[in-house]
2 protein chains.
Amino acid sequence: MATRNLNSHRSIQDNLLKRIHSGEWQPGSLIPTEAALADEFGCARTTVNRALRQLASEGLVIRKRHSGTRVALTPIRKATLEIPIIRHDVEMRGHTYNHMILKSEALQPPLWVQVRTGLKHHDKMLYLQTLHLSDNRPYMVEDRWVNLNAVPQIEAAPLHEISPNEWLVRKVPYSRGEISFSASLADEEIAGILETKLSAAIFVIERSTWMGDTSITTLKMYYPENYRLTTVL
Amino acid sequence: MATRNLNSHRSIQDNLLKRIHSGEWQPGSLIPTEAALADEFGCARTTVNRALRQLASEGLVIRKRHSGTRVALTPIRKATLEIPIIRHDVEMRGHTYNHMILKSEALQPPLWVQVRTGLKHHDKMLYLQTLHLSDNRPYMVEDRWVNLNAVPQIEAAPLHEISPNEWLVRKVPYSRGEISFSASLADEEIAGILETKLSAAIFVIERSTWMGDTSITTLKMYYPENYRLTTVL
DNA sequence: TTGACATATATGTACGCACATAACAATATT
DNA sequence: AATATTGTTATGTGCGTACATATATGTCAA
C-alpha cells in the first residue's frame, strides 16, 4: 500500500504532538482512545500504542488503565544530562587532555563522606585528588573517595595513565546514583590548584554512586567560573 | 502457559542489564542477535526487540542495522532534570510560596539576549524581573525576556497572581529549549535582592525556549549559595 | 584493481489477534 | 446501607508473520 509509511508511529506521534502544541487538546483533557485513533489513522492499535507510549515516556501525556490518556497538566519537559568521561568533554572541545594525580592515600572518610555514603569512619577508603587539564591549563579539580571494600582492584590500577574518573566509569558498574549542582567560593586550596583568585565563583558537581546498597564512590568536582554545563530540552 | 510472564520485555531487559553490569558482556562487545536471544528466552523476536530498543534509548547499547547490537563503550548514564514550576519546588519542601514582580517594562533587548534569541535590537521584548519567595524569604531572582511578537497575550496576563514562570509554562508551548548551569558572583543588584553578601556565590540557571524558529523567552535564574539542584541517575 | 551489482543478514516497523490487568460502574447480596 | 460480585472498558503486553531498510560481503565484469 502507498499509504503505509504515512501511518508510521513516528508520523502519528508528530501528528498527536501537533494537536497538543496547537492547543487543540488542552492540558488535562482526555484524548481519544487508542482504538479510536487507530481507526482515525487507519492503522493497527499497536501502532498508536507505541506512539502514545513514547509520548508518555517523554512526559507529555499521562496514561492510566481504564481511565484513558490525557495531556499532561504540566507538560514537564525533561533535560537529560549525560555523565561524561572528562577526557571526552575536553577533547570534544578540540583541546588536548591531561590529568595529574595530586593526592592518593588510604584514609578514614571525613564526616560529609560518611553521611553521603553510609560508610563508617573505620571503613577503608581511598582518597584521590585529581587535576584535569585542558591544553595543559587547569580545567577541573576532582576530590574523590572510593570504597576500597567494594573496589579493591583500584589500588592496582594505572591511574597515572587513565584517570580515576575514566577507570571507574569503564570498569565499575553501578546501579544507582545521585548528582547535585551548586555554587561556592574558592578556598585557598582550590584557588591555588585552579589558578583562580581566592573567593572566585566555583561551579560544583557532586556525585555518588552505589551498587545495590554498597557505596562505590563519591566525589566533588570543582570548575572555575567560566565553565558552563549546557544541555538541550 | 505458566512461563508466559517470565518472558515479559521487562524481565528480559533486567536479564540483559545484569549481564552488562556483571561484565559478562564487556563494553564494546557484540551481543547475540535478536533472533538468538528470542530463541534463548523462548519468546518472540518482537519482545526481545522491545527490550533492546528500551536499553538503546537509555544509552546502554548501540544498535546498527546489519552490524548488530553492542554494549555501549561508555555506558552513558543519563540524569533527567525536570523543568519545574518554581512554586511546586518551594511547596514540595513544605514552605509557602510567594512572588513579586520587581520590574516589568517593554524594552529593546540587550546584546546577550539578542545573541541568545536571534532577535534584533528593534524587536519588542518584555523584560520581567521576578523575585520568588519561600516562607517570605528570598528564594530566587529571575531575569526574564519575553518575545512580545510571539506571546502578545502576556501583556494582559495577571502576573501578580500567577508568576511569569508558571504562566508561561502553562500557557505557551515550545518545541525546543536549551538550559545551562554555571556559577558566578553576586553583583550589587542581585546581592541586594537576595539579601546575600556582595560577591557571594550565586548558582545560575539560564534557559531559552523556542517554538520552531521563533524565540519565546530567555531567562536567567539566580539562586543563593545554599541552593542545591539534586537529581538521581 | 576497481567499480557495479547482487546477496545475505540484522535491525526496524507494521499488522492482527489474543489475553492480562487495573479501575470504574452497575448490580446483587447480606 | 454497607459490602460483594460481576461486567465493562481502556490500556498493557505478547505472539507470529510479513515486509522494509541499511550495511557488510562476495561476485563478476570492465
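Chain naming here is simple, since letters A, B, ... match the order of the sequence lines and numbering starts at 1 in each.
- Of the candidates D:dT13, C:dG16, C:dT13, D:dT13 carries the atom nearest the A:Asn49 side chain, counting heavy atoms from C-beta on.
- Both B:Arg65 and A:Gly68 lie close to DNA chain D; mapped to their nearest nucleotides by heavy-atom distance, the more 5′-ward contact belongs to A:Gly68.
- When each of C:dG12, C:dA18, D:dG16 is scored by its nearest atom to the side-chain atoms of B:Thr46, the top-ranked nucleotide is D:dG16.
- Rounded to whole Å, atom P of D:dG12 lies 12 Å from atom CD1 of A:Ile62.
- Among the atoms of the strands shown, only primed sugar atoms or phosphate atoms (P, OP1, OP2) are found under 4.0 Å from some heavy atom of A:Arg50.
- Rounded to the nearest 0.5 Å, atoms CG (B:Leu219) and CG (B:Leu168) are 9.0 Å apart.
- Taking for each of A:Ala44 and A:Lys64 the nucleotide of DNA chain C with the nearest heavy atom, the 5'-most of the two is the partner of A:Ala44.
- When the C1' atom of C:dT11 is taken as reference, atom CD of B:Gln54 falls 17 Å away, rounded to whole Å.
- As rounded to whole Å, 16 Å separates atom C1' of D:dT9 from atom CD1 of A:Ile31.
- Of the possible polar contacts, none joining the A:Gln13 side chain to the A:Leu55 backbone as a donor-acceptor pair under 3.5 Å is found.
- Checked against side chain to side chain contact (heavy atoms under 4.5 Å, CB included), B:Asp14 has no partners two or more places apart in sequence or in another chain.
- Side chain of B:Glu34, nearest nucleotide from C:dT11, D:dC15, C:dG16: C:dT11.
- Put simply, CZ on A:Arg10 is 11 Å from C1' on C:dT13, counting in whole angstrom units.
- Side-chain atoms of B:Asn98 never come within 3.5 Å of backbone atoms of B:Leu133 as a donor-acceptor pair (strictly under, hydrogens ignored).
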Distance-only check: which donor-acceptor pairs under 3.5 Å involve side-chain atoms of residues 138-146 of chain B, not counting sequence neighbours?
| from | atom 1 | to | atom 2 | distance (Å) |
| --- | --- | --- | --- | --- |
| B:Tyr139 | OH | B:Arg93 | NH1 | 3.3 |
| B:Glu142 | OE1 | B:His132 | NE2 | 2.8 |
| B:Glu142 | OE2 | B:Arg144 | NE | 2.7 |
| B:Glu142 | OE2 | B:Arg144 | NH2 | 3.2 |
| B:Asp143 | OD1 | B:Tyr127 | OH | 2.7 |
| B:Asp143 | OD1 | B:Gln129 | NE2 | 3.2 |
| B:Arg144 | NH1 | B:Thr217 | OG1 | 3.4 |

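- Looking at A:Asp135, its side chain does come within 3.5 Å of a backbone N or O of A:Thr96 through a donor-acceptor pair.
- For B:Thr47, a side-chain nitrogen or oxygen approaches OP1 or OP2 of D:dC15 to under 4.0 Å.
- In terms of position along DNA chain C, the nucleotide closest to B:Ser67 lies nearer the 5' end than the nucleotide closest to the other residue of the pair B:Ser67 and A:Arg45.
- To the nearest angstrom, C1' of D:dT13 lies 17 Å from CZ of B:Phe41.
- The phosphate of D:dG12 has neither OP1 nor OP2 within less than 4.0 Å of any side-chain N or O from A:Arg53.
- Distance CG (A:Leu52) to P (D:dT13): 13 Å, rounded to an integer number of Å.
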Grab the N/O contacts between the protein and nucleotides 5-9 of chain C below 3.5 Å, and write none if there aren't any.
| from | atom 1 | to | atom 2 | distance (Å) |
| --- | --- | --- | --- | --- |
| C:dT9 | O2 | B:His66 | ND1 | 2.8 |

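- A distance-only check finds no donor-acceptor pair linking the side chain of A:Arg207 to the backbone of A:Ile179 [under 3.5 Å].
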